[in-house]
Amino acid sequence: MTALPQPGPARRWEIPDHLLTIEEYAALGETDSGFTELVEGRVVMSPSPSRKHNKAAYLLGRQLESQLPPELDFTLDIDVDLGLTPRGEPGFSRRPDLLITHREANARVDDEGDMYRADEVVVVVEIVSPGSKRTDYQVKHDEYADAGIPHYWIVDITEPVSLVACHQAGDFGYMDASAVTGTFTTDVPFPVKIDLTALLV
């Protein structure tokens with residue numbers, strides 16, 4: 001009988017004692033549990049999302065995939081440098097549930113092992129969790145607008161599932177459409193039809 005090797009101690013993920021730049025944050029790597037974002041140089045820990053939350057993001061991606069124009073692609077759960085501060089200063093990085101980006105950005109991210117930049121993002125999507133309502137509807141709303149991301153979709157999976165589509169309106173930041181339930185249809189930034197009820201499986 002062969003004994004299984006004993007697992008070693010978990011790698012301790014240490015947060016530096018100063019405000020982080022984007023480069024310092026990226027160098028930290030992944031945590032052992034949950035995920036992090038960077039807000040004005042401060043590392044913010046979040047618990048891992050629920051199964052329902054992750055499934056909704058996945059199912060949304062599946063619906064989008066066949067409708068995206070060839071120059072666009074989607075990615076789940078990956079860091080975005082919001083570019084809200086100059087290089088070398090405490091930075092901002094968020095990890096949206098889903099991104100729609102220019103396909104050419106994928107090669108840069110893969111080749112450089114880097115995060116996406118806000119100017120490569122066409123649509124950013126957050127799936128609202130019970131503990132993230134204020135952050136998704138207000139804080140991230142303003143940050144994504146300030147970062148110049150053209151479109152922000154907020155998907156609330158509390159029944160009935162709803163989607164609020166926000167788009168840049170010049171100096172005013174985002175202009176928010178009314179929440180839609182049932183089927184979300186739009187022509188901007190590309191023609192798409194999403195069955196919101198199908199996000200709950």
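What you are looking at is a predicted structure, and each value in this text was computed from that prediction instead of being measured.
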Distance from T158 atom OG1 to L200 atom CG, nearest 0.5 Å?
-> 9.0 Å

Are V155 and E126 close enough that some pair of their side-chain heavy atoms sits under 4.5 Å apart?
-> no

For the atom pair CZ (F190) and NE2 (H151), what is the distance rounded to the nearest 0.5 Å?
-> 9.0 Å

Would one find more than 12 heavy atoms of other residues, nucleotides or ligands at under 6.0 Å from atom CZ of R42?
-> no

Apply side chain to side chain contact (heavy atoms under 4.5 Å, CB included) to the pair L99 and I78, showing each step before the final yes or no.
-> CA-CA 8 Å; L99 296 174; I78 194 166; 3.6 Å; yes

Nearest-0.5 Å distance, CG of residue L82 to CG of residue D119 = 11.0 Å

Shortest non-hydrogen separation from P90 to T85 and the atoms involved | O-OG1, 2.9 Å

Which heavy atom in V80 sits nearest to a heavy atom in M115, and how many Å separate them?
-> C-SD, 4.0 Å

Starting from the C-alpha separation in whole Å, work towards a yes-or-no answer on side chain to side chain contact (heavy atoms under 4.5 Å, CB included) for V125 and D97.
-> CA-CA 6 Å; V125 182; D97 295 305; 5.5 Å; no

Solution key, residues 175-188 side-chain donor-acceptor pairs under 3.5 Å, sequence neighbours excluded:
unit_1, atom_1, unit_2, atom_2, d
D176, OD1, H141, NE2, 2.9
D176, OD2, H141, NE2, 3.1
T186, OG1, V188, N, 3.2
T186, OG1, V188, O, 3.2

With sequence neighbours excluded, what pairs up with L59 under the side-chain contact (heavy atoms from CB on, under 4.5 Å) test?
-> K55, L199, V201

Quick one: salt bridge (Lys or Arg N to Asp or Glu O under 4.0 Å) pairs with a partner in residues 143-168, sequence neighbours left out?
-> R94-E143, K133-D156

How many angstroms lie between OG1 in T75 and CZ in R103, if you round to the nearest 0.5 Å?
-> 9.0 Å

L38 reachable from M45 in the ILVMFWY side-chain graph, under 4.5 Å edges = yes

Does the side chain of T36 pick up a donor-acceptor pair with the side chain of Y25 at under 3.5 Å?
-> yes

Less than 4.5 Å apart, any side-chain heavy atom of Y116 and any of D79?
-> no

Would you say the side chain of L28 lies within less than 4.5 Å of the side chain of L20, judging by non-hydrogen atoms?
-> yes

Q67 (side chain) donor-acceptor with K193 (main chain) under 3.5 angstrom | yes

Got a second to check how far R117's CZ is from S93's OG, nearest 0.5 Å?
-> 13.0 Å

Is the Y152 ring parallel, tilted or perpendicular to the Y144 ring (thresholds 30°, 60°)?
-> perpendicular

CG on L196 to CG on L60, rounded to 0.5 Å | 8.5 Å

Are any side-chain N or O atoms of Q168 and backbone N or O atoms of A145, one a donor and one an acceptor, separated by less than 3.5 Å?
-> yes

In one Ile/Leu/Val/Met/Phe/Trp/Tyr side-chain cluster, 4.5 Å: I127, V192 = yes

Where do N106 and E120 land on the side chain to side chain contact (heavy atoms under 4.5 Å, CB included) test, with the steps shown first?
-> CA-CA 9 Å; N106 295 349; E120 296 168 328; over 6 Å; no

Does L98 share a hydrophobic cluster with Y174, counting links as ILVMFWY side-chain heavy atoms below 4.5 Å and allowing steps through other members?
-> no

Any idea which heavy atoms bring N54 and P49 closest together, and the distance?
-> OD1-CB, 3.4 Å

For L19 and E40 the tightest heavy-atom approach is CD2-O, 3.9 Å

Closest heavy-atom pair and its distance - I157, A56 | CG2-CB, 3.8 Å

Okay, side chain of S132, backbone of T135: is any donor-acceptor separation there less than 3.5 Å?
-> no

Hey, mind stepping through E104 and E71 against side chain to side chain contact (heavy atoms under 4.5 Å, CB included) and telling me if it holds?
-> CA-CA 8 Å; E104 62 196 23; E71 69 275 11; over 6 Å; no

Nearest non-hydrogen partners of A198 and Q63, listed with the distance = CB-NE2, 3.8 Å

Where the side chain of E24 meets the backbone of T21, is there a donor-acceptor pair that is under 3.5 Å apart?
-> yes

Cluster question for you: counting only ILVMFWY and a side-chain heavy-atom cut-off of under 4.5 Å, with indirect links fine, are I194 and Y58 together?
-> yes

Shared ILVMFWY cluster between V44 and F92, side chains joined below 4.5 angstrom?
-> yes

